[in-house]
Engineer: 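Have a look at this one.
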Protein chains: 2
Amino acid sequence: MDTSVICPRFETAISLLSQRWTGLIIYQLLSGPQRFSHLTEIIGISGRLLSERLKNLEAEGLVTRTVYPETPVRIEYALTEKGFSLKPVMDEIQNWSQIWVEPTETRNV
Amino acid sequence: MDTSVICPRFETAISLLSQRWTGLIIYQLLSGPQRFSHLTEIIGISGRLLSERLKNLEAEGLVTRTVYPETPVRIEYALTEKGFSLKPVMDEIQNWSQIWVEPTETRNV
DNA sequence: TCCCTTTAGTTACTTTATGTAACAAATTAT
DNA sequence: ATAATTTGTTACATAAAGTAACTAAAGGGA
């Protein structure tokens, strides 16, 4: 019957990346620690969802949150080792997109 | 200001993979052409959504649909070259999951 | 012929996730 | 005390996903 099941670890990993915005947030943080407002602007995500996603990523151990008590307060989000180790995944998605995604078919809204 | 924008091709690619089930469907089809009912069982997706996703993947040129007029009818879904070339992405997700996902934390429902 | 079986979907409806925009907390310079 | 800035949160509208019953097609047997 070949009813072998999908690898549970893979399933967990891809369910993480299948959550909307999560991949983009990680990709963006690969270029270094960034603050909340910068992420909302560059990704195009609302504060509500960015907040929710970052909390989730922090809980999963992929991202850290650091408070700098300046004026006004600065809060930076950065990848942990676990988060940064998703770089090869992002690199492969990048590679694939360069080959298979038409420059014209971007923004299909 | 460093308000450089995220690569549009990357954004298109990851929005595809960010759609729920899509990654799992492609991953599963990497092991060869499979029929509708087999995919629903092994992935744990409803007929409604599998149908919707497969139509979408077909429209994107990632998957083909082949009808075998037997009794009862057999319909097989297979990856195109474009779809199969996502293998390196899936391999990297697999790698990451082997290192960073606890065997115990699977199925966090 | 008519009904049964099997695979491959679809339809109608409920529940969950996401989008939007106005509002609140914290901090400190004026 | 007031205003200004960043980092969120709350309340509500819209879109996507989950569920389960139903339909389409097509051969096989009574």
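The sequence lines fix the lettering, A, B, ..., with proteins before strands; numbering per chain opens at 1.
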Engineer: Of the nucleotides dT7(D), dG18(D), dG9(C), which one has an atom closest to the side chain of R48(B)?
Structural biologist: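 Looking only at side-chain atoms, R48(B) lies closest to dG18(D).
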Engineer: Measure from CD1 on I45(A) to C1' on dG8(D) and round the result to the nearest Å.
Structural biologist: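 Answer to the nearest Å: 13 Å.
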Engineer: Would you indicate which nucleotide in dG18(D), dT9(D), dT6(D) comes nearest to any side-chain atom of W21(B)?
Structural biologist: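 In terms of side-chain proximity for W21(B), the closest of dG18(D), dT9(D), dT6(D) is dG18(D).
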Engineer: What is the distance, to the nearest angstrom, from the CZ atom on R74(A) to the P atom on dT27(C)?
Structural biologist: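 So the CZ-P distance, R74(A) to dT27(C), works out to 16 Å.
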Engineer: Can you check whether L86(A) reaches L30(A) side chain to side chain, under 4.5 Å on heavy atoms?
Structural biologist: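 Counting from C-beta outward, L86(A) and L30(A) never come under 4.5 Å.
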Engineer: To the nearest Å, how far apart are E70(B) CD and dG28(D) P?
Structural biologist: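 One finds 12 Å between P of dG28(D) and CD of E70(B), rounded.
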Engineer: By nearest heavy atom, map L54(B) and Q19(A) onto DNA chain C; which one lands nearer the 5' end?
Structural biologist: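 Here L54(B) is the residue nearer the 5' end.
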Engineer: Report the residue (L49(A) or P72(A)) whose heavy-atom-nearest nucleotide on DNA chain C is the more 5′ of the two.
Structural biologist: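 This one resolves to L49(A).
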Engineer: Nearest to the side chain of S51(A) - dT7(D), dA8(C), dG8(D)?
Structural biologist: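 Closest of the options to the side chain of S51(A): dG8(D).
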Engineer: Tell me: CZ of F36(B) to C1' of dA24(D), nearest whole Å?
Structural biologist: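 One finds 14 Å between C1' of dA24(D) and CZ of F36(B), rounded.
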Engineer: Grab the CD-P distance between E52(A) and dT18(C) for me, whole Å please.
Structural biologist: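 E52(A) atom CD is separated from dT18(C) atom P by 7 Å.
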Engineer: Using only side-chain N and O atoms of S46(B), determine if any of them is under 4.0 Å from OP1 or OP2 of dT19(D).
Structural biologist: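 Checking dT19(D) against S46(B), no side-chain N or O comes under 4.0 Å of OP1 or OP2.
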Engineer: Give the rounded distance in Å between these two atoms: CZ of R20(A) and C1' of dT16(C).
Structural biologist: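 In whole Å, dT16(C) C1' lies 15 Å from R20(A) CZ.
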Engineer: Quick check against the 3.5 Å criterion: does E102(B) have a side-chain atom that pairs as donor or acceptor with the backbone of W100(B)?
Structural biologist: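 No; judged by distance alone, with no hydrogens or angles, the pair does not exist.
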Engineer: For a quick test of reading the model: is some side-chain N or O of K55(B) closer than 4.0 Å to OP1 or OP2 of dA8(C)?
Structural biologist: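 False: K55(B) side-chain N/O out of range (4.0 Å or more) of dA8(C) OP1/OP2.
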Engineer: Grab the CZ-C1' distance between R65(A) and dT6(D) for me, whole Å please.
Structural biologist: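 Taking atom C1' of dT6(D) as the reference, CZ of R65(A) is at 11 Å.
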Engineer: Please report the closest heavy-atom contact between W96(B) and K82(A), naming both atoms and the distance.
Structural biologist: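 Where W96(B) meets K82(A) most closely, the heavy atoms are NE1-O, 3.2 Å.
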Engineer: May I ask you to decide if the ring planes of Y77(B) and F36(B) are parallel, tilted or perpendicular, using 30° and 60° as cut-offs?
Structural biologist: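 The arrangement is tilted - the two ring planes meet at 30° to 60°.
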Engineer: Checking R53(B) side chain against T22(B) main chain: does a donor-acceptor pair fall under 3.5 Å?
Structural biologist: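 Pair absent, no side-chain N/O of R53(B) close to backbone of T22(B).
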Engineer: Would you say dT7(D) has OP1 or OP2 under 4.0 Å from some side-chain N or O of Y68(A)?
Structural biologist: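 Checking Y68(A) against dT7(D): no side-chain N or O falls below 4.0 Å of OP1 or OP2.
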Engineer: Report the distance from atom CG of N56(B) to atom P of dA16(D), rounded to the nearest whole Å.
Structural biologist: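 After rounding, the gap between these two atoms is 11 Å.
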